[in-house]
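Before any comments, here is the structure.
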Amino acid sequence: MKTHRLLGYARRNLHLYIFCASMLILQVSIRVVAPTLLARIVDEVIGGGNYAIFPRLLFFMAISYFLPGLLGYFQEYTSDKISKRTSCFLRHDVFEAITKQDGDFFSSRTPADLMSRTTSDTDNIGFIFGFCGIFLIEIICIVLSQFFALVRVSWKCGVVPLVCMPIIAFLAIKSEKKGDKLSDSISDKRADLNQAASEAIMGIRTVKSFGKEEKEKERFSKEASLFRRLSTSFDTLWVNWCTPQSAIAVAMVPLAILVGGIEVIKGSMSFGDLSMVLQYTNELSWPMMEIGWLLVELSGARAGWRKVRAILERKSKISDGEISTTDHRGTMKFEHVSFKNGDKELLHDISFEITPGKTLAVMGPSGSGKSLLASLAVRFLDPTEGKITINGVDIRDMTLRSARDFSSIVTQDVFLFSDSVKNNIALGNRKNAEEEDIKSAARDAEAQSFIEKLENGWETVIGERGVGLSGGQKQRLSIARAFLRKNQLLILDDATSALDMETESDIERTIREEGTRSLLITAHRISAVSTADEIIVLENGRIAERGTHSELLEKRGLYWETYISQYPEEGDR
Amino acid sequence: MRQNYKKDEASSKVTKGETIKRILKYCAQYRGKVVVISIIAIISAALKTVIPLFTEKAVDVDIANRDIKGLVITVSTAVACAVLWGILAVLRDSMTARISNDVVYRARTEAYSNILSLPLGFFDSRPSGRIITRIINDCDKMKEITKSLTSSLIPNFIFLIFVMGMMLYLNPFLALSSFVVIPFLVGSSYFIIIRGYSNWENFRKKESNFTAFVHEDYAGIRPVQSFGAEEETQEECDRLLEDVKKGWCKAVRRSDAFGIVVNASIALGYVFLLLCAVYWMEEGTTSVGEILAFISYIGLFWQPIRSLASIYNQIINNLSSAARVFEIMDEKSDITEDENAVDIEVKEGRVEFRNVTFSYPDDESTNIVENLSFSVKGGETVALVGPTGAGKTTIINMIARFYDSVEGDILLDGQDIKKATFSSLRKAVSVMPQDSVLFTGTIRDNLTYGKDVDDAIIDEKIKELNLTSLIDSLPSGYDTLIKDAGLSSGQKQLIALARTMIADPKILILDEATSNVDTRTELMVQRGLKVLMKGRTSFIVAHRLSTIRNADEIFVVGNKTIMERGNHDELMKIEGGEYRSLYEAQFALIDTKG
């Protein structure tokens with residue numbers, strides 16, 4: 001199963017591998033011919049004085065040196081191409097897999113960490129599939145063919161590589177194992193380094209306002225220093241284990257000559273055979289010197305693959321159901337919904353329904369579970385008990401797409417992309433959104449006037465996370481984004497907190513006037529919820545009170561307390 | 001101009017030559033070690049070339065003479081050479097490993113320190129993924145350069161010169177005839193390097209685009225998922241990957257050609273040598289033996305060049321990465337500490353603006369604030385109100401020198417902030433930004449944020465802010481890790497608020513700091529804030545009028561200036577005033593409901 005998936009990537013490059021292999025075979029066979037031509041020139045022309053054949057031999061010799069270069073070029077280029085193609089295939093799949101993950105996945109991993117998995121780890125794997133892999137195959141082929149050729153000449157001489165090779169193999173496997181462990185921690189450490197930098201850079205405002213640049217530099221230096229240590233020990237490991245392998249490979253040649261020489265002296269082998277022994281062992285020795293570092297590279301790729309595989313094979317806890325609908329009108333119902341995180345019950349037995357044209361507001365202090373409710377409605381999470389239905393169908397039985405198309409959510413943490421204003425509003429609809437629709441969505445969100453005042457209007461590129469815009473402007477863009485989708489349910493999850501009151505009420509009026517859409521507001525401002533058809537007051541994950549504004553005021557409970565705190569004058573009356 | 005992942009970055013301002021010079025400068029700090037490495041490298045290279053000579057001797061002399069004792073001696077010497085070579089190689093490469101990792105560490109931390117000293121505008125104008133990739137990925141690539149420089153480039157070069165010297169010594173004519181190809185080799189590789197370099201630069205840009213894109217996309221995964229933009233982003237991802245692939249193929253297609261050049265040179269070299277050899281043989285100026293020796297030297301001559309060719313690709317690719325690292329190292333901050341900056345001491349907390357004008361660097365024609373003057377007494381609380389985008393945030397950003405005014409001065413207790421050291425300014429002024437972040441670590445780490453503070457003081461501040469119950473509810477109190485604390489965004493803001501309080505500044509700036517806190521919680525904070533704001537000058541940007549009504553003074557910001565100022569009662573008296581209409585809008589909603 002594990003390797004199966006990787007082989008799939010290799011299969012997609014099959015034609016390139018075949019091309020590479022044929023280039024390789026041609027090249028190797030020409031390389032065998034070149035030295036014989038040079039030898040003939042030396043023997044026959046320079047030594048023998050036969051100038052007549054000189055031009056012809058010279059021409060072929062030049063060709064025999066040049067041609068492998070050309071063929072080698074095609075082979076090298078193709079193997080480089082395979083490296084990058086494989087890493088891009090992997091990147092595509094990793095990106096796809098990450099995009100499908102659930103909230104749990106993202107809360108335990110940072111963007112910087114995931115970025116590292118998507119870029120560096122995939123490159124390491126790609127390198128093995130392309131350049132390294134092909135080189136490794138080349139080496140194995142050479143070693144095997146030369147070894148068998150050697151044994152055919154003299155099995156006694158064959159004993160020398162037969163003893164040396166297992167030692168080298170042992171050292172190589174050992175170093176690969178050690179490298180594997182180190183690669184693992186290097187990959188993690190690189191993610192830590194990414195994390196340290198990414199936190200400080202994304203939170204640069206906080207860093208600067210406390211004047212803590214030095215502290216952040218120190219933190220980064222510390223991580224960088226740890227990374228240096230690991231990386232140095234990885235490089236030294238490479239040296240300490242691979243060099244002895246090379247030394248053995250180098251010593252193998254004279255040792256083979258010793259064995260062969262004794263045979264010759266004893267008279268049981270000819271001089272010609274000895275020269276062949278010399279050639280074959282020479283050919284055997286250089287590939288063995290390369291095996292070490294190749295295996296170390298392999299260990300890096302293996303570590304990378306483990307990390308990547310963990311992502312590729314992780315099943316999102318939020319999975320697709322069977323039912324796909326295109327009709328996105330109707331009623332959403334929460335039926336006895338509870339949500340537990342470990343032992344902690346964050347929501348308990350919540351039931352309500354949101355019918356078309358109606359507004360439901362949820363109020364409650366920080367941490368009372370308001371936002372959790374909103375996350376459940378769009379299936380970022382699933383309830384641990386009870387169910388959420390759309391027109392009577394459990395949303396877990398619906399495809400993710402259908403369930404999420406029912407509603408649009410605007411959250412308190414606005415996330416805008418470093419893209420044009422227009423594309424930000426059209427998120428999810430970039431291909432089919434009409435200019436007019438985008439503009440009218442922006443108008444409804446009270447965003448049009450400020451957008452048109454921007455430097456390049458609708459095409460203005462806003463900074464990452466909406467840098468350069470005020471909190472209110474960001475909120476309006478994210479509201480426009482939701483308006484454009486025209487779904488049945490609009491969820492404003494504390495979304496208007498950065499807006500001034502006037503804008504807030506204007507936007508809410510626009511939604512209500514439309515009449516057919518429903519609205520779920522979570523807020524802590526009375527002004528944001530007072531006009532709702534039903535208000536639910538949450539406390540510690542339970543419904544403490546519910547009713548309309550005036551009903552709740554009469555109860556003189558939690559809602560009333562909040563009201564008094566926000567409008568002290570009203571309480572005085 | 002603001003960048004995003006769709007647009008390639010500009011090419012690095014640091015040229016190739018300069019990059020090489022600067023890398024050498026880094027290596028020069030290890031001059032002694034580099035010399036030792038080079039010497040070891042030459043000896044080990046020599047040893048390795050000597051071993052074949054011993055095997056030759058074993059065959060030609062010992063075996064031919066049936067001298068078993070001689071054979072054993074010769075072979076043992078060869079094996080000893082191999083062992084010695086191994087030891088020297090280990091020495092050489094482990095020294096190299098240490099140096100190259102050290103160079104990377106230094107370059108990385110140097111680049112990072114410079115980045116953090118840059119003004120906010122730098123961070124606002126580009127995706128953070130772009131900045132991160134330079135200090136992580138590009139620096140990693142730099143290592144490969146120093147590694148190949150010390151362990152391969154320098155020794156190979158020296159070895160090459162050594163071989164050339166030997167050849168010249170043996171027979172200058174034959175030597176020169178074998179060197180004829182050098183101009184061809186240098187010329188064509190120069191062509192490949194020049195063109196190849198810009199291809200690698202281009203590839204790096206494409207990689208950077210991709211990195212910036214995924215980093216941003218992962219950070220914004222929630223809207224992507226809830227708005228069903230998965231397909232859209234996947235297409236974007238594939239498009240960027242296609243660019244990466246194309247950029248890579250274009251780069252390797254050219255630079256792999258170096259192998260062809262080397263092989264063509266070898267072929268040409270042999271042709272020349274043999275032609276000349278045959279000619280001079282006729283003349284009688286050379287012998288067969290000499291030619292044979294030359295042919296084997298030519299093998300040695302090409303060996304370092306071949307090994308240079310094999311690492312050449314990496315070097316040139318990595319060179320463009322190094323140039324990107326140096327570029328970000330050179331990025332100059334336009335908000336800098338004055339050369340003669342002095343530590344300022346802010347005792348009263350008076351804040352004065354004198355004819356201050358501000359516009360963003362990328363749009364100098366639009367003034368955000370124009371000719372603004374005001375002064376605030378020490379210890380006063382000022383609330384800034386006004387429509388979104390009116391410039392409230394800009395005004396307070398200038399007090400902390402996040403941005404510098406284009407014209408005019410800002411004074412704290414009569415001292416110009418542009419003449420103050422950053423450390424003293426930051427001690428005096430603390431900002432709580434819109435998007436306060438908490439860092440990895442414990443609650444305590446975040447509360448103290450590098451400051452040496454007693455638990456007693458933390459307890460005190462937490463109590464003043466009424467956060468004791470929140471801290472008590474956490475599994476390990478102050479030592480709870482942020483990621484285990486499960487804080488709501490409102491609670492996170494409260495922690496960030498406490499952090500500012502512990503920093504204990506004379507001038508306090510709260511930018512919409514309490515907008516995510518529910519009213520009950522905020523009320524607690526308000527009480528705490530009141531105590532803490534005593535004796536501090538405070539500027540609060542908040543939209544909730546009920547929370548700012550208690551301010552000593554209210555600034556209504558708009559029309560590039562402060563339109564109204566005064567306390568709540570004074571401003572309410574102005575018929576048709578801005579403040580009054582804002583205030584009334586809040587109550588209109590409640591009134592219609594009854």
Side-chain angles (χ1 to χ4, degrees), chain A residues 62 65-66 69 73 76-77 80 84 88 95 99 111 114-115 118 197 201-206 209 211 213 215 217 220-221 224 228 231-232 235-236 239 243 247 250-251 254 257-258 261 264-265 365-367 378 409 415 418 427-428 461 463-464 467 470-472 497 500-502 505 524 527, chain B residues 2 4 55 58 63 66 71 75 78-79 82 86 89-90 93-94 97 101 105 108-109 112-113 116 123-124 127-128 132 214-215 218-220 223 226-230 237 241 245 248 252 256 259-260 263 266-267 271 388-389 426 431 433-434 437 450 488 490 515 518 520-521 543 585-586 589:
Chain A
Y65 273 99
F66 175 71
Y73 166 73
E76 203 183 330
Y77 170 64
D80 279 339
K84 206 67 196 182
C88 284
F95 183 84
T99 309
L114 293 173
M115 175 182 93
T118 317
I201 288 168
M202 304 220 300
I204 191 72
R205 282 188 155 68
T206 307
S209 57
E213 288 96 331
K215 181 191 175 329
K217 281 177 203 170
F220 183 80
S221 297
R228 167 180 62 175
S231 171
T232 310
D235 290 348
T236 336
V239 170
T243 317
V250 170
I257 292 299
L258 179 68
V264 172
I265 294 170
S366 272
V378 291
I409 185 167
F415 194 96
S418 58
L427 178 70
V461 172
E464 194 175 46
V467 180
S470 74
S497 51
D500 46 81
M501 301 271 170
E502 213 168 341
S505 55
H524 42 249
S527 66
Chain B
R2 199 163 273 145
N4 69 353
T55 45
I63 298 174
R66 302 188 168 270
L71 177 66
V75 168
V79 172
V90 167
D93 292 341
S94 45
N101 281 295
Y105 168 76
R108 205 197 295 274
T109 46
Y112 189 73
S113 319
L116 285 195
F123 299 92
D124 291 353
S128 39
I132 298 167
V214 288
H215 187 255
Y218 294 161
S226 61
F227 283 80
E230 290 99 335
C237 164
L241 279 178
K245 238 187 305 188
W248 166 264
V252 289
D256 281 350
I260 303 185
N263 275 285
I266 294 177
V271 169
T388 22
R426 301 271 191 252
V431 184
Q434 271 178 15
V437 292
S488 73
S515 67
D518 61 278
R520 273 212 307 187
T521 320
H543 297 294
Q586 187 188 6
L589 213 70

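FYI, side chains are in, hydrogens and waters are out, and symmetry mates aren't considered; it's all heavy atoms of this structure. We name chains A, B, ... by the order of the sequence lines, and we start the count at 1 in each one.
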Does the side chain of K217(A) come within less than 4.5 Å of L116(B)'s, by heavy atoms?
-> yes
Over all heavy atoms of both residues, which pair between E230(B) and T99(A) is shortest? Give the atoms and the distance, please.
-> CG-CG2, 3.4 Å
M115(A) versus I132(B), closest heavy-atom pair with distance | CE-CG2, 3.8 Å
Answer with yes or no whether the side chains of Y218(B) and T118(A) bring together a donor and an acceptor at under 3.5 Å.
-> yes
Quick one: of V378(A), I409(A), D80(A), who has the most non-hydrogen atom pairs under 4.5 Å with chain B?
-> D80(A)
Full working for side chain to side chain contact (heavy atoms under 4.5 Å, CB included) between F220(A) and R108(B) | CA-CA 9 Å; F220(A) 183 80; R108(B) 205 197 295 274; 3.7 Å; yes
Quick one: does V214(B)'s side chain get under 4.5 Å of F95(A)'s, heavy atoms only?
-> yes
Compare every heavy atom of I63(B) with every heavy atom of G261(A), then report the nearest pair and how far apart it is.
-> CA-CD1, 3.3 Å
Heavy-atom pair count under 4.5 Å with chain A, highest-scoring of S113(B), A89(B), A78(B), G86(B) = S113(B)
How far apart are the closest heavy atoms of V271(B) and A62(A), and which atoms are they?
-> CG2-CB, 3.7 Å
Please round to the nearest 0.5 Å and tell me the distance separating atom CD of E213(A) and atom CZ of R426(B).
-> 5.5 Å
Check S94(B) against T236(A) and note the closest heavy-atom contact, atom names and distance.
-> CB-CG2, 3.6 Å
In short, Y77(A) meets D256(B) closest at the heavy-atom pair CA-OD2, 3.2 Å
Are any side-chain N or O atoms of R228(A) and backbone N or O atoms of N101(B), one a donor and one an acceptor, separated by less than 3.5 Å?
-> no
Go through S231(A) and Y105(B) one step at a time and tell me if the side chain to side chain contact (heavy atoms under 4.5 Å, CB included) criterion holds.
-> CA-CA 10 Å; S231(A) 171; Y105(B) 168 76; over 6 Å; no
Under the side chain to side chain contact (heavy atoms under 4.5 Å, CB included) criterion, do I260(B) and F66(A) qualify, and how do the steps go?
-> CA-CA 7 Å; I260(B) 303 185; F66(A) 175 71; 3.7 Å; yes
Rounded to the nearest 0.5 Å, how far apart are CG of L427(A) and CZ of F227(B)?
-> 6.5 Å
